[in-house]
Amino acid sequence: MKINPEYQSRRLPEPHPVFNENPSPVDPQVAATSAADDALLDGYSRTLSAVVNRVAPSVVNIRVEGKNGRGGSGSGFIIAPDGFILTNSHVVHDGVKFEVTLHDTRSFPAELIGEDPDTDLAVIRIDAPQLQHVRLADSAGIRVGQIAVAIGSPYGFQQTVTSGIVSALGRSMRAESGRLMDDIIQTDAALNPGNSGGPLVNSAGEVIGVNTAVILPAQGICFAIGSNTAQFVAGWLIKDGRIRRSAIGVAGQNVPLHPRVVRFHKLPRERGVLVAEVESNSPAARAGIRQGDVIVGYKGQPIATIDDLHKKLVASEIGVPSAVMLLRQTEKLFVTVVPEELAVRTSRITR
């Protein structure tokens, strides 16, 4: 094919560069925004580094040997210079031998001081010099959206650090014992395997929670026990080796109330706790509570679920006469019950 000479002799226009070889200076506003972003990033990084440097030396790895010879491991953190370490109950439960590896790779045998499965907390102790301990914050001052840093030691001194924010407050979750744990912190700081028992820390390097669980089907939903609960439980475990709670000796289940009964007795809730079983010679039996009764009140406060009743049966109720409001068929009755210590009598309030 021949090319038309007309086209061969025609001069094409000079090409113009798409990009200017000598670009004009960057827009000052854009440059300022970029610099501000860099400053924020650097500030965030500096905050995380400072938090890790302050807390990491107090985070330990815990190796546990069980009765059957099987082992497990988890994390913990030093809460006192004399060797007390806070961790999860499920990390040390049923363990017979414990070994703690510190941040500087030193290893020491540990003894179990006490555990509380109802809050999934436990305290162990090592005899070691030159220990650095953490500072516990007031978890009542936590706000949604603040920085949260999760630190763990799943493989000895090879610590892991993840960061995120506090996603929600006031969550509840069920402990392995069946009791409901309240005031749980939800965070999107990922928990790596073996990080259970490690600290959840704020931007000041203070512990705001104890990492305890992760929802496997979901992504980025992790939970921690608030530091106020941890401090209270740890104090009692160090002092007595256990947490004192009360019990009345009933097994029950949550049931709806008939609307007519609710209206007739002017009840504030539409649910109650059906007494499925009353243990012989228990506080409930001595008070005259019978199988088939429905508990709807305790000391003037409404009871709609077993968890409501659990919250009322605290240590201060041991040996204290308390009024229980219940329904027996369609009749409303009041009885006086004197709770006993749960540690002496095995748990009887079930789901």
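For this chain, numbers begin at 1 and follow the sequence in order. As the structure is a computational prediction, the values presented were derived from the model and not from experiment.
Residues S196 and T212 come closest through the heavy atom pair OG-O, 3.9 Å. In terms of heavy-atom proximity, A304 sits nearest to R269 at CB-NH1, 3.5 Å. The nearest pair of heavy atoms linking S89 to E115 is OG-OE1, 2.5 Å. Summarising the geometry of Y44 relative to G164, their closest heavy-atom pair is OH-N, 4.5 Å, with the distance given to 0.1 Å. Summarising the geometry of A284 relative to V337, their closest heavy-atom pair is N-CG2, 4.0 Å, with the distance given to 0.1 Å. In terms of heavy atoms, T336 sits closest to A287 at O-CB, 3.2 Å.
Between the side chain of E317 and the backbone N or O of V314 there is no donor-acceptor pair closer than 3.5 Å. Side-chain atoms of N211 come within 3.5 Å of backbone N or O of P199 as a donor-acceptor pair. Checked by atom type and distance alone, the side chain of T187 pairs as donor or acceptor with a backbone atom of I165 at under 3.5 Å. Checking side-chain atoms of Q132 against main-chain N and O of R54 turns up a donor-acceptor pair under 3.5 Å. At distances below 3.5 Å, not a single donor-acceptor pair connects side-chain atoms of N53 with backbone N or O atoms of A56. In this structure, the side chain of T305 engages the main chain of D308 through a donor-acceptor pair within 3.5 Å. In terms of modelled atom types and a separation under 3.5 Å, the side chain of H265 and the main chain of L267 share no donor-acceptor contact. Judged purely by atom type and a 3.5 angstrom limit, S322 uses its side chain to pair as donor or acceptor with the backbone of V320. In this structure a side-chain-to-backbone donor-acceptor pair under 3.5 Å is present from T162 to A190. When atom types are taken as modelled, the side chain of D240 and the backbone of L237 share no donor-acceptor pair closer than 3.5 angstrom.
For the residue pair S73/N61, the side-chain donor-acceptor check at 3.5 Å is not satisfied. One side chain, R286 or N281, offers a donor N or O that lies under 3.5 Å from an acceptor on the other. Using modelled atom types and a 3.5 Å distance limit, the side chains of S107 and T101 yield a donor-acceptor pair.
R106 and D104 are joined by a salt bridge, as a carboxylate oxygen and a charged side-chain nitrogen come within less than 4.0 angstrom of each other. Salt-bridge check for D94 with R70: failed, with every basic side-chain N at 4.0 Å or more from each acidic carboxylate O. Salt-bridge annotation for R245 and E340: absent, with no side-chain N of the basic residue lying under 4.0 Å from a carboxylate O of the acidic one. By the 4.0 Å N-to-carboxylate-O rule, R244 lies close enough to E341 to be salt-bridged with it.
Looking at heavy atoms from C-beta onward, F223 lies in side-chain contact with R171 at the 4.5 angstrom threshold. At a threshold of 4.5 Å between non-hydrogen side-chain atoms, the residues F232 and T119 do not count as touching. Looking at heavy atoms from C-beta onward, F77 lies in side-chain contact with V207 at the 4.5 angstrom threshold. A 4.5 Å side-chain heavy-atom check between T87 and V92 finds at least one atom pair inside the cut-off. Using a 4.5 Å heavy-atom threshold, the side chains of L327 and L257 count as touching. A 4.5 Å side-chain heavy-atom check between I78 and F84 finds every atom pair outside the cut-off. Using a 4.5 Å heavy-atom cutoff, the side chains of E277 and Q291 are not in contact. Contact annotation: the side chain of V166 never approaches that of D188 to less than 4.5 Å [non-hydrogen atoms, C-beta and beyond].
To the nearest 0.5 angstrom, S75 atom OG is 5.0 Å from N195 atom CG. Between the CZ atom in R143 and the CG atom in N202 there is a gap of 12.5 Å [rounded to 0.5 Å]. With rounding to the nearest 0.5 angstrom, the CD1 atom of I306 is 7.5 Å from the CD atom of Q253. To the nearest 0.5 Å, atoms CZ (R263) and NE2 (H258) are separated by 8.0 Å. A distance of 11.5 Å separates CE in M181 from CG in D307, rounded to the nearest 0.5 Å. Residue L48 holds its CG atom at 6.5 Å from OG of S45, rounded to the nearest 0.5 Å.
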Checklist entry - Would L131 and D82 count as a side chain to side chain contact (heavy atoms under 4.5 Å, CB included) if you check the C-alpha gap in whole Å, the side-chain angles of each, and the deciding distance to 0.1 Å? => result CA-CA 8 Å; L131 295 177; D82 46 359; over 6 Å; no
Checklist entry - Are D293 and I295 close enough, and set up right, to give a side chain to side chain contact (heavy atoms under 4.5 Å, CB included), and what steps lead you there? => result CA-CA 6 Å; D293 290 345; I295 298 175; 5.7 Å; no
Item to check | Check against side chain to side chain contact (heavy atoms under 4.5 Å, CB included), L313 and L342 | outcome: CA-CA 9 Å; L313 295 174; L342 181 63; over 6 Å; no
Checklist entry - Please walk me through it: do I303 and V296 pass side chain to side chain contact (heavy atoms under 4.5 Å, CB included)? => result CA-CA 5 Å; I303 299 295; V296 293; 5.7 Å; no
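No more than 12 heavy atoms of other residues, nucleotides or ligands sit less than 6.0 Å from atom CD of E270. At most 12 non-hydrogen atoms from other residues, nucleotides or ligands lie less than 6.0 angstrom from CG of D127.
No option in I243, N228, L86 other than I243 meets the side-chain contact (heavy atoms from CB on, under 4.5 Å) test with V233. Put simply, the residue from N88, L200, I185 that forms a side-chain contact (heavy atoms from CB on, under 4.5 Å) with I225 is N88.
Cluster membership for V134 and V123, using ILVMFWY side-chain heavy atoms within less than 4.5 angstrom, is shared. Taken together through direct or relayed side-chain contacts under 4.5 Å among Ile, Leu, Val, Met, Phe, Trp and Tyr, I184 and L136 form part of one hydrophobic cluster. The hydrophobic cluster containing I151 also contains I79, counting ILVMFWY residues as joined when their side-chain heavy atoms lie under 4.5 angstrom apart, directly or transitively. Residues V210 and M173 share a hydrophobic cluster, clusters being chains of Ile/Leu/Val/Met/Phe/Trp/Tyr side chains in contact below 4.5 Å. Both I147 and V51 belong to a single network of hydrophobic side chains, linked directly or stepwise wherever heavy atoms of I, L, V, M, F, W or Y lie under 4.5 Å apart.
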